[in-house]
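A short write-up of the structure that comes next.
A, B, ... follow the sequence lines: proteins, then strands. Residue 1 opens every chain.
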Amino acid sequence: MSKSLPSRAENYSEWYNELVKRADLAENSAVRGCMIIKPYGYSIWEKMQRALDDMFKETGHTNAYFPLFIPKSFLSKEASHVEGFAKECAVVTHYRLKNDPNGGGVIVDPDAKLEEELIVRPTSETLIWSSYKNWIQSYRDLPLLINQWANVVRWEMRTRLFLRTAEFLWQEGHTAHATKKEAIDETEQMLEIYAEFAETFMAMPVLKGIKTANERFAGAEETYCIEALMQDGKALQAGTSHFLGQNFAKAFDVKFLSKENKLDYVWGTSWGVSTRLMGALIMAHSDDQGLVLPPKLAPIQVVIVPIYKGDEQLNLIKEKIDPLVKALKKQGVSVKFDISENQSPGFKFAEYELKGVPIRLAIGNRDIENGTIELARRDTREKMSLPFDGIEQVVVDTLHDIQEKIYAKAFAFRESNTHEVNTWEEFQTKIEAGGFLSAHWDGTPETEEKIKELTKATIRCIPLGVKKEVGKCVLTGEPSEHRVIFARTY
RNA sequence: CGGGGUGUAGCGUAGCCCGGUAUCGCGCUUGGUUUGGGACCAAGAGGUCGUAGGUUCGAAUCCUGCCACCCCGACCA
């Protein structure tokens, strides 16, 4: 294995793939398009889950679990929904294998064919709404605020670790409400939660907006999204929150009796983020040396590397470090004191940089004599020799500082890669360099499609709170009332 | 799913054109010396050459099918 990573400039996607593997986050499995999330990668996901789950609970949601299999007939009940997902569904047709009479292996038992095929869920709206029908009778049963953590399967043609896998982990919230306004408020609230999570935990700035009809979730009336800009200038959809209107209520006949004794369909929402966020996290901050993790999501926040000759020196170091480790843990900092002997300090330095550990402390004989310790921060790769006394507070402060600095860096990157464009020539030139383009659009799906054909750029969103501005469509010159955001995407 | 490329030890590779059971480096094991940016010496272990067929006395090498991965398109969270 060569020691250094391919550089981002050289080959961005190779850099990404290599980084995911070498940082021990995930690897491909025997099944095409499916990935094995390794312990280090999974512990980052667990931290994400924990933070999101807390936010869901704080806003009144509870977790439940619905099955992996959906009867085929359910999927077809909402017309646009089935149209959106039909092409990428895994289907269970049999329930038994048997020994192959002609050979050593096993074959599908033709006698064990299912009456009705089962779909491996690509998303759970249909199954959940079929349950909601039984759960909801009165306005007193509303709102129903449920989330589930699950795996889903979408049989994608082309997959990439974390960014697009055939099976992925996610959460999907499914809520039911008595009024349209309440459902829209819920949709917007969850978008806010996603944005807050992305920005405060992932240190990744996101653009909040609404999808155009072309990009809308199959079965939704309105799709809200957060969009992030990656270092190679491509956009990544990081989370979506859908206002479902009464579409699923009508498809599954979910009605409730209001206070006024009137029967009406309930209003729905659904919202989700997936392990794709791992991909976003990796690409948002990491560099040619490896991962750069925000302290709030780093499984190990501080690693301490001893440098010593013989047990006597190691014992002196341990005497100083053991209390520091305790004190840091008490403050909620996750620390690893790496006294493994089989690797040199230099190796450990490189290894923990690859894994994105935010702070590294190194201490050797020299420091013991001088009463110092070396602190290296992953984000800037700065190293400084500091007094040992008081290092605990410096570490805590530096973790906060790293969290802020990497956000600021990502924010500055997005700002310098977001451009207002007013002519088609400008659009074509600028899109080649990547980034978000803010431009006028005539509001028609045809123009959106045409622009995609010509430039591979799609409308990422109509930003929330976009300013009214009289303008002309960048392609057709037709009148437009506000700008929208274009980008090339993952 | 279309076009192009690749598959040899855990990883990276040589050998393939021109057929004779596989090269080197990293990693791994054991022992010793080391340790302030990916340590060194010595001795070892590790291979159905992606897979299934075919041609041949003999296949990593030639032929065919299949599978997987990478790059570029279409589809998508």
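- RNA chain B forms stems at B:1-7 with B:67-73, B:10-12 with B:24-26, B:28-33 with B:39-44, B:50-54 with B:62-66, each a run of 3 or more consecutive Watson-Crick or G-U wobble pairs whose two key distances fall under 3.5 Å.
- Summarising the geometry, the separation between CG on A:Leu354 and P on B:rC11 is reported as 17 Å, rounded to the nearest angstrom.
- Residue A:Ser344 places no side-chain N or O under 4.0 Å from the OP1 or OP2 atom of B:rU35.
- The line from CD of A:Glu188 to CG of A:Leu464 is 7.0 Å long, rounded to the nearest 0.5 Å.
- For RNA chain B, the neighbouring residues in residues 356-374 of chain A, judged by any heavy atom under 4.0 Å, are A:Arg360, A:Ala362, A:Gly364, A:Asn365, A:Arg366, A:Asp367, A:Glu374.
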>> Between A:Arg460 and A:Thr458, does the side-chain hydrogen bond (donor to acceptor under 3.5 Å, both in side chains) criterion hold? Intermediate values first, please.
In response: CA-CA 6 Å; A:Arg460 298 326 303 146; A:Thr458 51; 2.7 Å; yes
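- Comparing the C1' positions of B:rC26 and B:rG38 gives a spacing of 12 Å, expressed to the nearest Å.
- For a distance-only test at 3.5 Å, the side chain of A:Gln343 fails to qualify as a donor-acceptor partner of the base of B:rG38.
- Separating the OG atom in A:Ser124 from the NE2 atom in A:His174 is a distance of 5.0 Å, to the nearest 0.5 Å.
- Rounded to whole Å, the separation between the P atoms of B:rC70 and B:rU34 comes to 46 Å.
- Its glycosidic angle being more than 90° from 0, B:rU29 falls on the anti side.
- Within 4.0 Å of A:Thr123, counting heavy atoms only, lies no atom of the nucleic acid at all.
- For RNA chain B, the neighbouring residues in residues 299-308 of chain A, judged by any heavy atom under 4.0 Å, are A:Ile307, A:Tyr308.
- Using a 4.0 Å heavy-atom criterion, one finds that A:Leu236 contacts no nucleic acid atom at all.
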Donor-acceptor pairs under 3.5 Å, side chain of residues 298-310 of chain A to any protein atom, not counting sequence neighbours: which ones?
from	atom 1	to	atom 2	distance (Å)
A:Gln301	OE1	A:Ser334	N	2.9
A:Gln301	NE2	A:Pro295	O	2.9

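- For A:Lys383 against B:rG37, a side-chain-to-base donor-acceptor contact under 3.5 Å is present.
- Taking the six-membered ring where tryptophan is involved, the planes of A:Phe66 and A:Tyr132 are perpendicular, since the angle between them exceeds 60° and thus also 30°.
- Backbone-only engagement by A:Gln237 is indicated by non-hydrogen atom pairs under 4.0 Å involving sugar-phosphate atoms exclusively.
- Across every non-hydrogen atom of A:His81 and A:Ala218, the tightest pair is ND1-O, 3.0 Å.
- On the C1' atoms, B:rC49 is 13 Å away from B:rU13, given to the nearest whole Å.
- Atom name C1', nucleotides B:rU23 and B:rA60: the rounded distance is 13 Å, in whole Å.
- Here the P atom of nucleotide B:rA77 and the CG atom of A:Leu169 are 18 Å apart, to the nearest Å.
- For A:Glu83 and B:rC76, the CD to P distance is 11 Å, given to the nearest whole Å.
- Relative ring orientation between A:Phe427 and A:Trp424 is described as parallel, the plane-to-plane angle staying below 30° on a 0-90° scale split at 30° and 60°.
- Atom P of nucleotide B:rU35 and atom CD of A:Glu312 are separated by 15 Å, given to the nearest angstrom.
- Separating the CG atom of A:Asp232 from the C1' atom of B:rC71 is a distance of 15 Å, rounded to the nearest angstrom.
- When the salt bridge (Lys or Arg N to Asp or Glu O under 4.0 Å) test is applied to A:Glu353, the partners found at least two apart in sequence or on another chain are A:Arg360, A:Arg381.
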Indicate every side-chain donor-acceptor pair of residues 228-238 of chain A with a distance under 3.5 Å to a residue at least two apart or in another chain.
from	atom 1	to	atom 2	distance (Å)
A:Gln231	OE1	A:Arg8	NH1	2.6
A:Gln231	NE2	A:Met283	O	2.9
A:Gln231	NE2	A:Ser286	O	2.8
A:Asp232	OD1	A:Lys234	N	3.2
A:Asp232	OD1	A:Tyr490	OH	3.3
A:Asp232	OD2	A:Tyr490	OH	2.6
A:Gln237	OE1	A:Lys211	NZ	3.0

Restricting both atoms to N or O, compile the protein contacts to nucleotides 67-69 of chain B shorter than 3.5 Å, with distance only.
from	atom 1	to	atom 2	distance (Å)
B:rC69	OP1	A:Gly33	N	3.4
B:rC69	OP2	A:Arg32	NH1	3.2

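- For the C1' atom pair drawn from B:rG27 and B:rA45, the interatomic distance equals 13 Å after rounding to whole Å.
- A donor N or O paired with an acceptor N or O is not found under 3.5 Å between the base of B:rC76 and the side-chain atoms of A:Arg154.
- In this structure A:Asp185 satisfies the salt bridge (Lys or Arg N to Asp or Glu O under 4.0 Å) test together with A:Lys181, sequence neighbours excluded.
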Protein N or O to nucleotides 30-33 of chain B N or O, pairs below 3.5 Å:
none

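- Contacts between residues 200-226 of chain A and RNA chain B, counted as heavy-atom distances below 4.0 Å, involve no residue at all.
- Separating the P atom of B:rU29 from that of B:rC71 is a span of 33 Å, rounded to the nearest Å.
- Listed by first then second residue, pairs satisfying side-chain hydrogen bond (donor to acceptor under 3.5 Å, both in side chains) with a partner in residues 194-207 of chain A read A:Gln171-A:Tyr194, not counting sequence neighbours.
- In this structure, CH2 of A:Trp15 is placed 17 Å from P of B:rC70, rounded to the nearest angstrom.
- Residue A:Ser274 is in base contact, counting any heavy-atom pair closer than 4.0 Å across all strands shown.
- One distance of note links NZ of A:Lys57 with CG of A:Asn147; it measures 8.0 Å at 0.5 Å rounding.
- With sequence neighbours excluded, the residues forming a salt bridge (Lys or Arg N to Asp or Glu O under 4.0 Å) with A:Glu117 are A:Lys72, listed by chain and number.
- Along RNA chain B, the nucleotide nearest A:Phe85 and the nucleotide nearest A:Asn17 are compared for position; the residue whose nucleotide lies closer to the 5' end is A:Asn17.
- One can place CZ of A:Arg377 at 21 Å from P of B:rG37, the figure rounded to the nearest angstrom.
- Regarding A:Glu14, its CD atom lies at a distance of 11 Å from the P atom of B:rC72, rounded to whole Å.
- Nucleotides B:rA43 and B:rC24 have their P atoms positioned 14 Å apart, rounded to a whole Å.
- You'll find that the side chain of A:Lys452 is closest to B:rC76, out of B:rC76, B:rA39, B:rG73.
- A gap of 11 Å separates the P atoms of B:rU61 and B:rG20, to the nearest Å.
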